[in-house]
Amino acid sequence: MRKSLAFLIVSVLLSISFGSFLYLVPLSVDFPEELYESTGTRSFLVKYFTLFEDEFQKGIVFSGWIFSPSDQATTTVEVKLEGKGEQHSFFVEAIREGFYLVIPPHLLVFPKDLKVFIGKYEVGGEPR
């Protein structure tokens, strides 16, 4: 866990020093549930929290789950970033755990003026 946390801190510091860019990486660290905000339904839930924010960019950690009682082992979930005149898409893999397809924790660093959508849910905006 120490190595993962150190990697996370170094990644954030590097992202701040290089200016605005897009960065998505899976994490092997489990964060306390009280850090997360959540959005979604009983069949698709996304959890997220802001790791850092400066005047140019923002870093969020997100995870979640999809209720899926079928035998499907994996699925992909689209992560879209949209802003004035630009759109970017990434795909993350959700993995079967019992009746759920679980989206493991990921770190997303992006320009602050972009909106982030995981599935159809906007995340990382102003806190509720």
Side-chain angles (χ1 to χ4, degrees):
M1 177 155 163
R2 273 197 144 150
K3 285 183 180 181
S4 297
L5 192 55
F7 174 76
L8 182 64
I9 291 170
V10 168
S11 297
V12 169
L13 293 175
L14 283 174
S15 72
I16 291 170
S17 67
F18 287 121
S20 296
F21 70 100
L22 298 174
Y23 182 69
L24 177 69
V25 64
L27 301 173
S28 59
V29 177
D30 288 325
F31 293 95
E33 285 297 317
E34 41 292 340
L35 292 176
Y36 288 99
E37 290 186 54
S38 61
T39 187
T41 65
R42 286 186 275 170
S43 60
F44 184 13
L45 182 86
V46 178
K47 307 182 302 181
Y48 63 95
F49 68 89
T50 300
L51 183 63
F52 75 91
E53 182 174 357
D54 64 22
E55 61 183 289
F56 301 110
Q57 56 191 5
K58 190 173 194 176
I60 64 169
V61 173
F62 70 88
S63 65
W65 49 260
I66 303 164
F67 179 71
S68 177
S70 71
D71 291 337
Q72 182 179 2
T74 64
T75 192
T76 56
V77 176
E78 184 176 20
V79 178
K80 280 194 308 189
L81 294 100
E82 298 178 349
K84 293 180 182 174
E86 67 181 299
Q87 183 171 336
H88 308 276
S89 289
F90 297 97
F91 293 90
V92 297
E93 187 174 44
I95 301 165
R96 165 86 37 212
E97 286 186 19
F99 285 112
Y100 296 90
L101 292 166
V102 175
I103 304 165
H106 283 72
L107 169 64
L108 176 63
V109 179
F110 57 97
K112 187 176 171 178
D113 60 343
L114 296 180
K115 290 185 177 184
V116 178
F117 297 89
I118 300 173
K120 63 181 181 179
Y121 300 105
E122 184 176 355
V123 300
E126 294 301 318
R128 289 181 257 168

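All values below were derived from every heavy atom in this structure, side-chain atoms included, with hydrogens, water molecules and symmetry-related copies excluded.
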Taking every non-hydrogen atom, the tightest pair across [X] and [Y]:
X: Phe56; Y: Asp54; result: N-OD1, 2.8 Å
X: Gln72; Y: Ser68; result: OE1-OG, 4.2 Å
X: Ser63; Y: Ile103; result: CB-O, 3.2 Å
X: Phe44; Y: Gly119; result: CE2-CA, 3.9 Å
X: Phe21; Y: Gln57; result: N-OE1, 3.8 Å

Quick check: is [Y] connected to [X] through a chain of hydrophobic side chains (ILVMFWY, heavy atoms under 4.5 Å apart)?
X: Val77; Y: Leu114; result: yes
X: Val25; Y: Leu35; result: yes
X: Phe99; Y: Ile95; result: no
X: Val109; Y: Tyr36; result: yes

Apply side chain to side chain contact (heavy atoms under 4.5 Å, CB included) to Asp113 and Lys84, showing your working.
CA-CA 8 Å; Asp113 60 343; Lys84 293 180 182 174; over 6 Å; no
Tell me if the CZ atom of Phe67 is crowded by more than 12 foreign heavy atoms within 6.0 Å.
yes
Looking at residues at least two apart in the chain, or sitting in another chain, which of them share a side chain to side chain contact (heavy atoms under 4.5 Å, CB included) with Glu97?
Val102
Partners of Leu24 by side chain to side chain contact (heavy atoms under 4.5 Å, CB included), sequence neighbours excluded?
Phe62, Phe90, Val92, His106, Leu108
Single hit among Val46, Leu101, Leu45 for side chain to side chain contact (heavy atoms under 4.5 Å, CB included) with Trp65:
Leu45
Please test Tyr48 against Thr39 for side chain to side chain contact (heavy atoms under 4.5 Å, CB included), starting from the C-alpha separation and ending with a verdict.
CA-CA 9 Å; Tyr48 63 95; Thr39 187; 4.3 Å; yes
Quick one: pull up CZ in Phe49 and OG in Ser38 and give me the separation to the nearest 0.5 Å.
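Phe49 atom CZ to Ser38 atom OG measures 13.5 Å (nearest 0.5 Å).
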Salt bridge check: are Glu82 and Lys80 linked by an N-O gap of less than 4.0 Å?
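The answer is yes: the pair qualifies as a salt bridge.
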